[in-house]
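Here the structure comes first, spelled out in structure tokens, and everything after it is commentary.
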Amino acid sequence: MDISLIFPPLEKNESYNPFNPKTPFPPLGLASIAAVLEERGYKVNIYDCEITETSHKNLIRLIKRNLPKVIGITTLTVMIHRSLKTAQILKSEFPEIPIVFGGPHTTIFPEKTLKDNNFVDFVVIGEGEYTTLELLEELEKSSPKFSNIKGIGYKSDKKVIINPRRPIIKDIDELPLPARHLLPLKLYKPSRWVVKRPPGTHAVVSRGCPFRCTFCSKAIWGNTVRERSPEKVVEELLYLKENYKINDVIFADDTFTINKKRVIKICDLIKKNKIDIVWSCLTRVDMVDKELLMKMREGGCHQIGYGMESGNQEILDIMKKDITLKQLKYVFKLTQKIGIDTRAFVMFGLPGETREMAFKTLYFLKELDPDFANIYIYSPYPGTELFEIAKKMGKIENFNWSQFDKFSPIYIPDGRTREDILEIYKLALRKFYLSFHYIKKRIKKVRSFYDMKNNILLGYQLIRGLLKKRLAG
């Protein structure tokens, strides 16, 4: 085996989401890297230790069995402690195998990652497909030289060296489809709040975001938008349908509808090819109109997630969201009128938010009346403008990265307390999901046993999550 790519194990009784113990997202970033490597003849394994519940002990057995030449480990900020622990354990067992870190956290802190951890040999910065390929090719040489590989960090004579960043991949159509055959795809269970016709799965068909929201990190993909062509998108849908019997696709792109003509063509091609599939996506309220929404509905779109963030224009302006409350009201109503379910993404504890503003957000959420709401506590993620501001102001309570999970108050605005933010957060969940209006609305939308089961599980997950210690204050 040439390389093993690892999504690290979840510790016993650990979860970064009190409402869902394991992530439902397949690691498509690792699968995309694997696809490029396989295309060049390399043998690749992907071990998603979280979804398969693989312990460090069992992971060591797997590595011994296949004995890769290189080990790659992904790093998200909220689970960097898990990535580091996994790397340390594997390096002690396999000291001769180079360990490579990649992902958002490593991209933001490449020098610190290498300097503080002698068991990490290389870091991949930014998009990992071609950087990882070049690194593998160089490691195969008898006298490897790493100075010319763009997008990596490494150590030489006890010094940390960070090479210039690799230019972005301009044409992502050239990338093969993610190597989903290396993943236990049936084990991933996307949220029942999103999937209408199981089985469902995720897809990412664009990279980059041009907008300037101060709470969002663009560490990996940057500002430049690059999209798979409509033909390639439909090719992936057909592949998922024919090979995995997928009925529902969740497009996890930052802003799916940024190119109106492209989305319309995707919808037309879905109809032309008679693909029996439904789908959902994420976008902004200023990136849709009536014509587009109608086309999307005809093309199989059943749910759209919009970033509401706050019910206060002042807070939206601080976040440089560049939308208005009036736009939010209009688009949520229009989307529902056309027959597409809406999902609102909301945060409490944002910079500048007072207790009164928090209640205004709650009231505005109820006024929008979305079909679902992803309600979070603001986390100042590294790599964002607000993280740097909060750090300079001393407003971040601690740098325990495992708490940067959207459910723990890390940032405390002026005049607020941790307990205050938690109280309003839990109140928002109860007032929205456990209201008589919402329960009645969900019952009215029941069309099958699956819908009924979903509603029951939704209530169970919510109550269980609210009782978790993580939300106990």
Side-chain angles (χ1 to χ4, degrees), residues 19 193 211-216 282-288 304-336 341-381 384-386 389-390 393 395-397 405-441 462 465-466 471 473:
F19 302 100
W193 306 5
F211 301 102
R212 59 186 193 128
C213 305
T214 55
F215 60 88
C216 186
L282 309 173
T283 192
R284 294 167 51 99
V285 292
D286 56 347
M287 288 288 109
V288 295
I304 300 175
Y306 295 111
M308 169 192 142
E309 323 306 357
S310 173
N312 301 269
Q313 190 62 52
E314 179 183 344
I315 301 299
L316 292 177
D317 293 342
I318 289 172
M319 298 160 67
K320 299 181 181 177
K321 186 70 182 176
D322 295 333
I323 59 170
T324 66
L325 299 180
K326 186 177 179 181
Q327 283 177 302
L328 284 163
K329 288 180 185 178
Y330 171 75
V331 170
F332 269 79
K333 186 175 181 180
L334 176 64
T335 305
Q336 291 171 329
D341 282 353
T342 55
R343 172 183 299 275
F345 288 83
V346 189
M347 290 186 281
F348 288 93
L350 286 156
E353 183 189 76
T354 63
R355 184 176 173 86
E356 291 72 26
M357 285 177 168
F359 276 103
K360 189 176 177 183
T361 293
L362 173 54
Y363 299 143
F364 187 74
L365 175 63
K366 296 192 76 174
E367 183 181 352
L368 287 185
D369 195 24
D371 295 281
F372 301 96
N374 284 41
I375 302 172
Y376 299 122
I377 295 174
Y378 167 66
S379 283
Y381 286 119
T384 67
E385 184 179 333
L386 284 185
I389 293 171
M393 294 175 64
K395 290 294 181 181
I396 299 177
E397 265 203 346
D405 57 9
K406 300 182 289 189
F407 304 99
S408 306
I410 294 297
Y411 172 90
I412 309 299
D414 287 333
R416 306 289 297 279
T417 64
R418 184 177 189 277
E419 292 70 26
D420 169 37
I421 294 169
L422 272 170
E423 176 197 341
I424 294 179
Y425 169 65
K426 290 186 284 186
L427 179 66
L429 286 167
R430 292 196 302 270
K431 288 286 187 181
F432 182 78
Y433 279 111
L434 300 180
S435 69
F436 175 75
H437 168 76
Y438 186 76
I439 292 170
K440 183 180 176 183
K441 182 178 177 181
L462 177 68
L466 285 169
L471 295 179

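Numbering of residues begins at 1 and proceeds along the displayed sequence. Only this structure's heavy atoms are used, side chains among them; waters, hydrogens and symmetry mates stay out. Please read all numbers here as calculations on a predicted model, not as lab measurements.
- The NZ atom of Lys431 sits 9.0 Å away from atom CZ of Phe359, with the distance rounded to the nearest 0.5 Å.
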Does Tyr438 form a side chain to side chain contact (heavy atoms under 4.5 Å, CB included) with Phe372? I'd like the steps, not just the answer.
CA-CA 9 Å; Tyr438 186 76; Phe372 301 96; 3.5 Å; yes
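- Side chains of Gln313 and Leu316 form a contact here, defined as non-hydrogen atoms less than 4.5 Å apart.
- Not a single donor-acceptor pair under 3.5 Å links the side chain of Glu367 to the backbone N or O of Tyr363.
- Residues Cys213 and Arg284 share a closest heavy-atom pair of SG-NH1, 3.8 Å.
- Proximity of Pro370 to Phe432: side-chain heavy atoms (C-beta onward) are separated by under 4.5 Å at one or more points.
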Could you check Asp369 against Phe332 for side chain to side chain contact (heavy atoms under 4.5 Å, CB included), going step by step and ending with a plain yes or no?
CA-CA 8 Å; Asp369 195 24; Phe332 269 79; over 6 Å; no
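- Closest of all the heavy-atom pairs between Lys321 and Gly307 is CE-O, 3.5 Å.
- Leu386 contributes atom CG, which lies 11.0 Å from atom SG of Cys216 (distance to the nearest 0.5 angstrom).
- The two residues Ile439 and Tyr433 have their closest heavy-atom pair at CG1-O, 4.0 Å.
- Every salt bridge (Lys or Arg N to Asp or Glu O under 4.0 Å) that Asp322 has, sequence neighbours left out, goes to Arg212.
- Residues Thr361 and Ile424 are not in side-chain contact: their nearest non-hydrogen atoms beyond the backbone lie 4.5 Å or more apart.
- When all heavy atoms of Ser310 and Leu325 are compared, the closest pair comes out as O-CD2, 3.8 Å.
- Scanning for ring pair (Phe, Tyr, Trp, His ring centres under 6.0 Å) contacts around Tyr376 gives Phe407, with sequence neighbours left out.
- The distance from atom CD of Glu385 to atom OG1 of Thr214, rounded to the nearest 0.5 Å, is 5.5 Å.
- In summary, the aromatic rings of Tyr378 and Tyr411 are positioned with their centroids under 6.0 Å apart.
- Between Tyr330 atom OH and Thr324 atom OG1 the span is 12.5 Å, to the nearest 0.5 Å.
- Across all non-hydrogen atoms, the minimal contact from Glu309 to Met319 is CB-CE, 3.5 Å.
- Across all non-hydrogen atoms, the minimal contact from Ile318 to Gly352 is CD1-CA, 4.3 Å.
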Go through the steps for Val288 and Thr283 under the test side chain to side chain contact (heavy atoms under 4.5 Å, CB included), then give the verdict.
CA-CA 8 Å; Val288 295; Thr283 192; 3.9 Å; yes
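- With values rounded to the nearest 0.5 angstrom, Lys426 atom NZ is found 9.0 Å from Ile377 atom CD1.
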Assess whether side chain to side chain contact (heavy atoms under 4.5 Å, CB included) is satisfied between Phe345 and Asn374, documenting all intermediate values.
CA-CA 5 Å; Phe345 288 83; Asn374 284 41; 3.4 Å; yes
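- Counting heavy atoms from C-beta on, the side chains of Ile421 and Pro413 come closer than 4.5 Å.
- For the atom pair CG of Asp371 and CD1 of Ile304, the computed distance is 11.0 Å after rounding to the nearest 0.5 Å.
- Around the NZ atom of Lys441, the shell of radius 6.0 Å holds more than 12 heavy atoms that belong to other residues, nucleotides or ligands.
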